[in-house]
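Heads up, the thing below is written out as structure tokens.
Reminder, nothing fancy here: chain letters follow the sequence lines and each chain counts from 1.
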Amino acid sequence: MTHFTAVLLFALFASVVFGITQRDTPQKMVRYGIYCFVLFAGSAIALSWVMFLIAR
Amino acid sequence: MATTPNNTAAAKPATKEGFVYLPLIAGWLVPGAGHFLLGKWGRGALIAASILGMFVMGIAMQGKIYSGAHDILDILGLAGDLGNGLLYFASRVFGFGADQVQVTTADYGTRFIVVAGLLNVIAAVDAHNLRTGRKA
């Protein structure tokens, strides 16, 4: 398992629980879950680029 | 047509009866069980799959199961691990997880196990809120 796969799975599991617990209706749950997943994965990718550029 | 008081009482959902903290405790002990008790089968299954998946992946990555508290970080890790309920106690009994972090992925595995416990606490509180009517 690569680090990126681990990040994606972490984001997926956490987003599912956040979506279900933080919203009331199924439609809002799905939207919030996707929003959380994009934030998790996106911030990991962005921070990875920042660390890559700092380390150069 | 007006509804008689007897009909109104009969229409109350069965989930409003019994021990109010049962979904909270069941949800903590077994991931998703609090939602199952309330008849929220889909939500419970997704929560159970997510938390079990995260916990199993943490174990598979040779993550550490906190067994004692020697400093503040250990206390926080132990608190997170305890959120897994019976999964934590079963891991202690059967010796799952690593005692020491020896490879890079084991550090990730340790975080997976802690976060699975924290997510389980959130899910158990959500089940309690559903039970008390604070959430629909």
Below 4.5 Å from any heavy atom of chain A, which atoms of B:I51 appear? Answer side chain, backbone, both or neither. side chain
Who passes ring-ring contact (aromatic ring centres under 6.0 Å, His included) against A:F13, sequence neighbours left out? none
Check the hydrophobic clustering (I, L, V, M, F, W, Y; side-chain heavy atoms under 4.5 Å; chains of links allowed) and say if B:V115 and A:L39 are grouped together. yes
If Ile, Leu, Val, Met, Phe, Trp and Tyr residues are connected whenever their side-chain heavy atoms lie under 4.5 Å apart, and connections chain through other members, are B:L46 and A:V30 in the same group? no
Partner set under side chain to side chain contact (heavy atoms under 4.5 Å, CB included) for B:A48, not counting sequence neighbours: none
By side chain to side chain contact (heavy atoms under 4.5 Å, CB included) - contacts of B:L22 (at least two apart): B:F19, B:L37
Donor-acceptor pairs, chain A vs chain B, cutoff 3.5 Å:
{"residue": "A:H3", "atom": "ND1", "partner": "B:Y108", "partner atom": "OH", "Å": "3.3"}
{"residue": "A:I20", "atom": "O", "partner": "B:K135", "partner atom": "NZ", "Å": "2.8"}
{"residue": "A:T21", "atom": "O", "partner": "B:K135", "partner atom": "NZ", "Å": "3.2"}
{"residue": "A:R23", "atom": "O", "partner": "B:K135", "partner atom": "NZ", "Å": "3.2"}

Mind checking whether A:V7 and B:V114 sit in one hydrophobic cluster, side chains of I, L, V, M, F, W, Y counted as touching below 4.5 Å? no
